[in-house]
Amino acid sequence: GYVGGIGQIRGISQVVQAMGLVQSGARLQLAGKFNEPAVEAAAHADKGWQRVDALGFVGREDVRDILSRCVGGLVTFLPSPNHIDAQPNKMFEYMSAGVPVIGSNFPLWQQIIEGNQCGLCVNPLDPKAIAGAIDYLVNHPAEAEKMGRNGKKAVQEKYNWGIEERKLLEFYKSLIG
């Protein structure tokens, strides 16, 4: 599944191409709106588009429902300074929904995804690698489920505001001394 703004820099072209290469019969649940008409037209023209369920804009409730049916959540953003050093909400959204993440192989993202064993990292420019990761999750359901649980646990224990708040308060206390 993929939920969010759909554009070139977020790797949509490679994801749609990957859908044309998957062996497992998986379909892409694509939630969100395209923000570039030319990119949308190219996506529609690609043979992978036949395996895409374009859901358009969906509300919060529907997102949970969609993710509950997905074998993985895609964040294969293309390398750009904005992405490489960012921690995208989308990644944590997938993790908190208990969905394995297929993410770009940026060092920080690898640390989060592979470090918590909650998904797979791929070269976001390589549709074959993206397709391989999708097929891997489909063909290894027990492992995929375990990755989903690991992601949920990581969000509960590490990546949440309560924990960040405690760290911040400790830091303030140390400053006040």
Side-chain angles (χ1 to χ4, degrees), residues 1-35 39-79 83 88-106 109-110 112-114 116-152 154-155:
Y2 174 88
V3 177
I6 303 168
Q8 189 66 42
I9 197 69
R10 293 195 160 187
I12 189 61
S13 305
Q14 290 80 2
V15 167
V16 172
Q17 288 164 27
M19 293 314 297
L21 301 170
V22 292
Q23 305 289 300
S24 60
R27 294 189 63 79
L28 175 65
Q29 304 302 301
L30 184 64
K33 280 198 165 28
F34 277 89
N35 49 27
V39 173
E40 183 172 11
H44 286 218
D46 192 280
K47 73 176 169 111
W49 189 256
Q50 292 157 11
R51 290 173 172 264
V52 176
D53 296 325
L55 307 171
F57 179 81
V58 296
R60 273 251 163 263
E61 320 294 80
D62 296 330
V63 168
R64 282 244 170 251
D65 182 48
I66 292 161
L67 289 179
S68 73
R69 297 192 308 266
C70 288
V71 71
L74 289 156
V75 263
T76 49
F77 292 3
L78 304 190
H83 291 154
N89 288 339
K90 189 163 312 314
M91 183 190 302
F92 298 111
E93 223 172 276
Y94 295 149
M95 288 165 68
S96 104
V99 176
V101 178
I102 297 173
S104 303
N105 58 356
F106 310 146
W109 294 21
Q110 284 179 301
I112 296 168
I113 296 168
E114 291 171 354
N116 291 292
Q117 297 179 315
C118 65
L120 304 167
C121 290
V122 296
N123 174 352
L125 297 164
D126 181 357
K128 203 176 274 149
I130 298 167
I134 293 168
D135 285 337
Y136 184 87
L137 293 178
V138 171
N139 296 327
H140 299 83
E143 198 178 333
E145 197 180 320
K146 189 174 180 201
M147 287 176 178
R149 283 198 307 271
N150 290 344
K152 202 169 195 166
V155 166

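What you are looking at is a predicted structure, and each value in this text was computed from that prediction instead of being measured.
Heavy atoms only, all atoms of each residue included: P124 and I130 are closest at O-CD1, 3.8 Å. Of all non-hydrogen atoms in V138 and A26, the two that sit nearest each other are CG2-CB, 4.1 Å. Across all non-hydrogen atoms, the minimal contact from Y94 to V75 is CE1-CG1, 4.1 Å. Minimum heavy-atom separation, A144 to L137: CB-O, 3.8 Å. Here the closest non-hydrogen pair linking W49 and A54 is CZ2-CB, 3.8 Å. Across every non-hydrogen atom of P127 and A18, the tightest pair is O-CB, 3.2 Å.
Counting only heavy atoms from C-beta outward, the side chains of N105 and V122 never approach each other to under 4.5 Å. Looking at S96 and R64, their side chains come closer than 4.5 Å, going by heavy atoms from C-beta outward. Side chains of R10 and V15 form no contact here, defined as non-hydrogen atoms less than 4.5 Å apart. Contact annotation: the side chain of L55 never approaches that of L30 to less than 4.5 Å [non-hydrogen atoms, C-beta and beyond].
Side chain of K152 to main chain of M95: no donor-acceptor pair is present (N/O by atom type, distance under 3.5 Å, no hydrogens or angles). In terms of modelled atom types and a separation under 3.5 Å, the side chain of S104 and the main chain of F77 share a donor-acceptor contact. Formation of a donor-acceptor pair under 3.5 Å by the N150 side chain with backbone atoms of Q117 is found in this model.
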- Determine, step by step, whether V16 and I12 satisfy the side-chain contact (heavy atoms from CB on, under 4.5 Å) criterion, reporting the C-alpha distance in whole Å, the side-chain angles of both residues, the deciding distance to 0.1 Å, and the verdict. CA-CA 6 Å; V16 172; I12 189 61; 4.0 Å; yes
- Verify side-chain contact (heavy atoms from CB on, under 4.5 Å) between I134 and L28, making sure each step is shown before the conclusion. CA-CA 10 Å; I134 293 168; L28 175 65; over 6 Å; no
- Might you work through the side-chain contact (heavy atoms from CB on, under 4.5 Å) test for Q14 and M19, ending with a clear yes or no? CA-CA 9 Å; Q14 290 80 2; M19 293 314 297; over 6 Å; no
- Message: Would Q29 and D53 count as a side chain to side chain donor-acceptor pair (under 3.5 Å) here? Give the steps.
- Response: CA-CA 5 Å; Q29 304 302 301; D53 296 325; 2.7 Å; yes
- Task: Tell me, with the steps shown, if I113 and M91 meet side-chain contact (heavy atoms from CB on, under 4.5 Å).
- Result: CA-CA 9 Å; I113 296 168; M91 183 190 302; 4.0 Å; yes
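Atom CD of E114 has more than 12 neighbouring heavy atoms from other residues, nucleotides or ligands inside a 6.0 Å radius. Residue-environment remark: CG (D65) exceeds the threshold of 12 foreign heavy atoms within 6.0 Å.
Atom CD1 of I102 and atom CG of L120 lie 6.0 Å apart (nearest 0.5 Å). Rounding to the nearest 0.5 Å places CZ of F106 at 12.0 Å from CD1 of I112. The structure places CG of N35 at 11.5 Å from NZ of K33, a figure rounded to the nearest 0.5 Å. To the nearest 0.5 Å, the span separating CE on M147 from NE2 on H140 amounts to 9.0 Å. Atom CD in Q17 sits 11.5 Å away from atom NZ in K128 (nearest 0.5 Å). Atom-to-atom distance recorded for S24:OG and R51:CZ is 7.0 Å, nearest 0.5 angstrom.
For Q23 and D135, the side-chain atoms include no donor-acceptor pair closer than 3.5 Å. Side-chain polar atoms of S13 and Q8 form a donor-acceptor pair below 3.5 angstrom.
The aromatic rings of F34 and H44 stand perpendicular to each other, their planes meeting at an angle above 60°, with 30° marking the opposite boundary.
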